[in-house]
Amino acid sequence: MKRKLRIGVAGLGRGFTFMLPTFARDARVALVGAADTRATARQLFAREFQAKTFDTVEALCADPEVEVVYVATPHQFHAQHASAAARAGKHLLIEKPMAIALSECDTIMEAVRKANIQLVVGHSHSFDAPYARARAMIDSGEFGSVRMITALNFTDFVYRPRRPEEMDTAKGGGAIFSQAAHQVDIVRLLAAARVTSVRAVAGDWDRARSMDGAYAAFLTFEHGATATLTYSGYGNFASDEWQGWIGEMGQKIIPRSKERLKFSDAADEATFKQSLNYGGENYRPAKTDPAGHHTFGTVIVSCERADVRPLPSGVMVYRQGASAFTPLPAPTIPRIEVIDELYDAVVNGVTPKHDGQWAKDTLDVCLAMSRSSQEGREINLKDQN
Ligand SMILES: NC(=O)c1ccc[n+]([C@@H]2O[C@H](COP(=O)([O-])OP(=O)(O)OC[C@H]3O[C@@H](n4cnc5c(N)ncnc54)[C@H](O)[C@@H]3O)[C@@H](O)[C@H]2O)c1
């Protein structure tokens with residue numbers, strides 16, 4: 001029996017509920033504590049896991065039983081909470097995006113270095129098995145070099161219940177911080193090269209819900225490959241249709257029209273979002289029997305001699321008009337790849353792929369997308385590792 005990672009959760013919100021099936025089912029994990037400002041979330045956690053709860057992240061970090069802190073608080077708190085955990089000598093799993101400014105990433109990495117602890121940033125969809133398998137197949141050399149990546153995702157991101165700051169780009173809100181963090185991570189993994197330039201235009205199309213709700217971006221990589229990233233959160237077309245009606249979390253989707261929620265004001269909306277969260281009156285646990293692997297929209301990697309398409313159940317390869325499918329074994333534990341990487345880092349001292357520098361480089365691309373859109377020009381990136 002492998003030893004367990006003793007994880008303390010900072011922030012029992014939507015991000016946590018998506019990781020909960022992983023934590024609950026992976027025998028390598030013990031949830032030993034949690035911090036949240038909401039009493040109802042603390043009460044449910046204490047009941048479900050017979051574990052200690054705290055009303056501040058700092059108090060959670062002071063608990064000697066906690067070995068790893070999973071930072072799943074809102075984006076603007078990641079730097080503060082991750083630094084507190086590092087100062088207390090705890091290993092870190094930080095939800096994407098790592099932080100909202102490059103200087104905050106530096107602060108976290110410096111604290112991690114000083115404390116000599118491990119840092120993994122995730123979950124982000126670049127952990128998902130179909131992308132890892134596609135990358136391994138490309139690495140075999142059979143298809144030639146990556147030349148062009150096409151990534152598209154159409155969701156209802158804009159119309160999900162939100163906290164006010166989730167709609168404000170300056171505070172880490174909008175589709176670029178929340179969603180490009182996934183898409184950029186995926187195309188960087190598949191291209192396996194530094195991003196050299198970014199041109200992007202963000203879309204804010206509904207005055208009643210003003211935010212970066214869509215974007216189109218064009219990335220170049222140092223080996224000459226390119227990637228186009230298309231994202232719409234306006235809830236019309238759903239790219240789940242192109243994934244065989246398997247959703248982002250590997251769940252079977254039954255297409256249906258959805259009535260848009262109406263709120264009297266931002267506070268009313270935030271209260272409703274809280275009610276859906278862990279411990280809230282409308283909370284429903286995430287489904288734990290996914291029909292497929294997690295993915296993030298449609299992705300096609302065009303190599304010199306083949307187009308490679310990761311799907312929830314495997315990888316399709318198209319060559320000269322013919323297609324061949326490499327199936328993946330059905331997922332046993334969703335997002336098991338996150339625990340694999342965290343466990344290897346903490347227990348075996350293996351440097352993780354999704355470390356601070358990796359996540360900082362992804363944030364750098366996301367920030368360049370925002371800047372490119374605001375300034376109407378291409379941004380050259382010089383500090384990618
Ligand atoms: N990987 C994914 O698929 C995924 C999905 C959703 C969210 N996330 C990420 O999870 C993180 C949190 O976003 P969310 O959507 O869960 O937000 P949320 O509002 O649903 O949850 C945040 C939680 O943190 C708590 N909180 C807020 N301030 C706090 C503080 N100072 N101390 C302690 N607790 C505090 C809130 O009460 C709430 O329970 C973000 O980084 C987000 O990008 C990731």
Visitor: Using a 3.5 Å cut-off and no angle test, enumerate the donor-acceptor pairs between side-chain atoms of residues 310-332 and protein atoms at least two apart in sequence or in another chain.
Guide:
{"residue": "R319", "atom": "NH1", "partner": "E142", "partner atom": "OE2", "Å": "3.3"}
{"residue": "R319", "atom": "NH2", "partner": "E142", "partner atom": "OE2", "Å": "2.8"}

Visitor: Nearest heavy-atom pair of G247 and I253: which atoms, and what distance?
Guide: N-CG1, 3.5 Å
Visitor: In sequence, state the C-alpha distance, the side-chain angles, and the governing distance for H294 and Q251, and then conclude on side chain to side chain contact (heavy atoms under 4.5 Å, CB included).
Guide: CA-CA 8 Å; H294 290 207; Q251 79 281 26; over 6 Å; no
Visitor: Within 45° of the ring axis of Y159 and under 6.0 Å from its six-membered ring centre, is that where the NZ or CZ of R260 lies?
Guide: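 Yes, R260 and Y159 form such a contact.
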Visitor: Membership question, hydrophobic clusters at under 4.5 Å side-chain separation (ILVMFWY): are V57 and V120 in the same one?
Guide: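 V120 does not cluster with V57.
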Visitor: Under 3.5 Å, side chain of S239 to main-chain N/O of W242, donor-acceptor pair present?
Guide: no
Visitor: Between N277 and G280, is there a donor-acceptor pair closer than 3.5 Å when you use the side chain of the first and the backbone of the second?
Guide: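 No; zero donor-acceptor contacts below 3.5 Å.
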Visitor: Is it possible for you to say whether F296 and F154 belong to one hydrophobic cluster, with membership spreading through side-chain heavy-atom contacts below 4.5 Å?
Guide: no
Visitor: Are F49 and V32 side-chain neighbours, meaning at least one heavy-atom pair lies under 4.5 Å?
Guide: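 A side-chain contact under 4.5 Å is absent here.
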Visitor: Distance from H81 atom NE2 to T73 atom OG1, nearest 0.5 Å?
Guide: 5.0 Å
Visitor: Is there a path of hydrophobic side-chain contacts, each under 4.5 Å between heavy atoms of I/L/V/M/F/W/Y residues, joining L189 to M137?
Guide: yes
Visitor: State whether the side chain of R162 and the backbone N or O of F157 hold a donor-acceptor pair below 3.5 Å, judged by distance alone.
Guide: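 Answer holds: yes.
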Visitor: Under a 3.5 Å distance rule, please check whether D206 uses its side chain to pair with a backbone N or O of A208 as donor and acceptor.
Guide: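 Flag set: sc D206 to bb A208 pair under 3.5 Å.
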Visitor: Please determine whether the number of non-hydrogen atoms from other residues, nucleotides or ligands lying under 6.0 Å from atom CG of D383 exceeds 12.
Guide: no
Visitor: For the pair E65 and K52, find out whether any cationic side-chain nitrogen is under 4.0 Å from an anionic carboxylate oxygen.
Guide: yes
Visitor: To the nearest 0.5 Å, what is the distance between NE2 (H78) and CD (Q76)?
Guide: 8.0 Å
Visitor: Enumerate the side chain to side chain donor-acceptor pair (under 3.5 Å) contacts for residues 30-48, please, sequence neighbours excluded, ordered by first and then second residue.
Guide: E48-Y278
Visitor: Would you call R371 and V198 a side-chain contact if the rule is heavy atoms closer than 4.5 Å?
Guide: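 Contact flag for R371/V198 side chains = no.
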Visitor: Would you say CG of D139 has more than 12 non-hydrogen atoms from neighbouring residues, nucleotides or ligands within 6.0 angstrom?
Guide: yes
Visitor: Tell me the closest heavy-atom pair linking M369 and A180, and the distance in Å.
Guide: CE-CB, 3.9 Å
Visitor: Do side-chain atoms of S83 reach the backbone of A79 as a donor and acceptor pair under 3.5 angstrom?
Guide: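 Flag set: sc S83 to bb A79 pair under 3.5 Å.
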Visitor: Between Y131 and H125, is the gap from one ring center to the other below 6.0 Å?
Guide: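 No, too far apart.
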Visitor: Report the distance from atom CZ of R335 to atom CG of D26, rounding to the nearest 0.5 Å.
Guide: 13.5 Å
Visitor: Does the side chain of N153 pick up a donor-acceptor pair with the side chain of Q179 at under 3.5 Å?
Guide: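 On atom types as modelled, these side chains do not qualify, holding no pair under 3.5 Å.
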Visitor: State, yes or no, whether a side-chain contact exists between E67 and I7 at a heavy-atom distance under 4.5 Å.
Guide: no
Visitor: Could you tell me whether the side chain of R135 and the main chain of L190 form a donor-acceptor pair under 3.5 Å?
Guide: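 Indeed, once roles are kept as given, a pair shorter than 3.5 Å links the two residues.
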Visitor: So how far is it from R3 CZ to L5 CG, rounded to the nearest 0.5 Å?
Guide: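 It is 6.0 Å, given to the nearest 0.5 Å.
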Visitor: Charged N to carboxylate O below 4.0 Å: is that the case for K360 and E104?
Guide: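 Here K360 does not pair with E104 in a salt bridge, since their nearest N and O are not under 4.0 Å apart.
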Visitor: Do K252 and I246 touch side chain to side chain, with heavy atoms closer than 4.5 Å?
Guide: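 They are in side-chain contact.
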Visitor: Counting only N and O atoms by type, is there a donor-acceptor contact under 3.5 Å from the side chain of S373 to the main-chain atoms of S370?
Guide: no
Visitor: Step by step, work out the side chain to side chain contact (heavy atoms under 4.5 Å, CB included) result for F143 and V308.
Guide: CA-CA 9 Å; F143 313 135; V308 179; 3.7 Å; yes
Visitor: Which atom pair, heavy atoms only, marks the closest approach of K273 to P161?
Guide: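 Heavy atoms of K273 and P161 come nearest at CD-O, 3.4 Å.
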Visitor: Can you find a pair of side-chain heavy atoms, one from V195 and one from V365, that are under 4.5 Å apart?
Guide: yes
Visitor: Between G144 and C303, which heavy-atom pair has the shortest distance, and what is it?
Guide: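 Between these two residues, the closest heavy atoms are O-CB, 3.8 Å.
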Visitor: Using a 3.5 Å distance criterion without hydrogens, assess whether the side chain of D361 forms a donor-acceptor pair with backbone atoms of N385.
Guide: yes
Visitor: In this structure, would V184 and L381 fall into the same cluster of hydrophobic residues linked by side-chain contacts under 4.5 Å?
Guide: yes
Visitor: Would you say the side chain of R147 lies within less than 4.5 Å of the side chain of V301, judging by non-hydrogen atoms?
Guide: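 No, side chains not in contact.
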Visitor: For the atom pair CG (D212) and SG (C366), what is the distance rounded to the nearest 0.5 Å?
Guide: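 Answer rounded to 0.5 Å: 11.0 Å.
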Visitor: Other than F272, which residues form its hydrophobic cluster under the rule that side-chain heavy atoms must be closer than 4.5 Å?
Guide: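 L261, F263, L276, which link up through side-chain heavy atoms under 4.5 Å apart, make up the rest of the cluster.
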Visitor: Under 4.5 Å between any side-chain heavy atoms of L119 and V121, yes or no?
Guide: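 With C-beta onward as the side chain, the pair touches.
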Visitor: Side-chain atoms of residues 90-99: list all donor-acceptor pairs with protein atoms under 3.5 Å, sequence neighbours left out, distances to 0.1 Å.
Guide:
{"residue": "K90", "atom": "NZ", "partner": "D63", "partner atom": "O", "Å": "2.9"}
{"residue": "K90", "atom": "NZ", "partner": "V66", "partner atom": "O", "Å": "2.8"}
{"residue": "H91", "atom": "ND1", "partner": "Q118", "partner atom": "N", "Å": "2.9"}
{"residue": "E95", "atom": "OE2", "partner": "Y70", "partner atom": "OH", "Å": "2.7"}
{"residue": "K96", "atom": "NZ", "partner": "S178", "partner atom": "O", "Å": "2.9"}

Visitor: Going through the checks in order, is the side chain to side chain contact (heavy atoms under 4.5 Å, CB included) test met by L31 and F45?
Guide: CA-CA 9 Å; L31 291 180; F45 189 90; 3.9 Å; yes
Visitor: Under the side chain to side chain donor-acceptor pair (under 3.5 Å) rule, what pairs show up with a residue in residues 182-200, not counting sequence neighbours?
Guide: S124-D185, S126-D185, Q183-Y215, D185-W358, D185-T362, R188-T362, R194-E222, T196-T220, S197-T220, S197-E378, R199-S372
Visitor: Might you work through the side-chain hydrogen bond (donor to acceptor under 3.5 Å, both in side chains) test for T155 and Y231, ending with a clear yes or no?
Guide: CA-CA 8 Å; T155 74; Y231 187 92; 2.6 Å; yes
Visitor: Before you tell me yes or no, could you show the steps for K171 and E166 under salt bridge (charged side-chain N to carboxylate O under 4.0 Å, His left out), namely the whole-Å CA-CA distance, both residues' side-chain angles and the distance that decides it to 0.1 Å?
Guide: CA-CA 7 Å; K171 294 180 179 157; E166 286 184 281; over 6 Å; no
Visitor: Check whether V71 and I339 end up in the same hydrophobic cluster, where Ile, Leu, Val, Met, Phe, Trp and Tyr are linked by side-chain heavy atoms less than 4.5 Å apart.
Guide: no
Visitor: Compare every heavy atom of Y234 with every heavy atom of G203, then report the nearest pair and how far apart it is.
Guide: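 Smallest heavy-atom distance, with atoms named: O-OH, 3.6 Å.
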Visitor: Within the structure provided, determine whether P74 and R163 are in side-chain contact (heavy-atom separation under 4.5 Å).
Guide: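 They are in contact (side-chain heavy atoms under 4.5 Å apart), so the answer is yes.
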Visitor: Identify each donor-acceptor pair in which a side-chain atom of residues 11-24 lies under 3.5 Å from a protein atom, sequence neighbours left out, and give them as a table.
Guide:
{"residue": "T17", "atom": "OG1", "partner": "R14", "partner atom": "O", "Å": "2.7"}
{"residue": "T22", "atom": "OG1", "partner": "P334", "partner atom": "O", "Å": "2.8"}

Visitor: What's the verdict on side-chain hydrogen bond (donor to acceptor under 3.5 Å, both in side chains) for D204 and S210, showing C-alpha distance, side-chain angles and the deciding distance?
Guide: CA-CA 6 Å; D204 182 355; S210 181; 2.7 Å; yes
Visitor: When rounded to the nearest 0.5 angstrom, what distance separates NE2 in H293 from CD1 in I336?
Guide: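 Answer rounded to 0.5 Å: 10.5 Å.
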Visitor: At their closest point, which heavy atom of C105 faces which heavy atom of L363, and how far apart are they?
Guide: SG-CD2, 3.6 Å
Visitor: Any salt bridge between R209 and E269, counting N to O under 4.0 Å?
Guide: yes
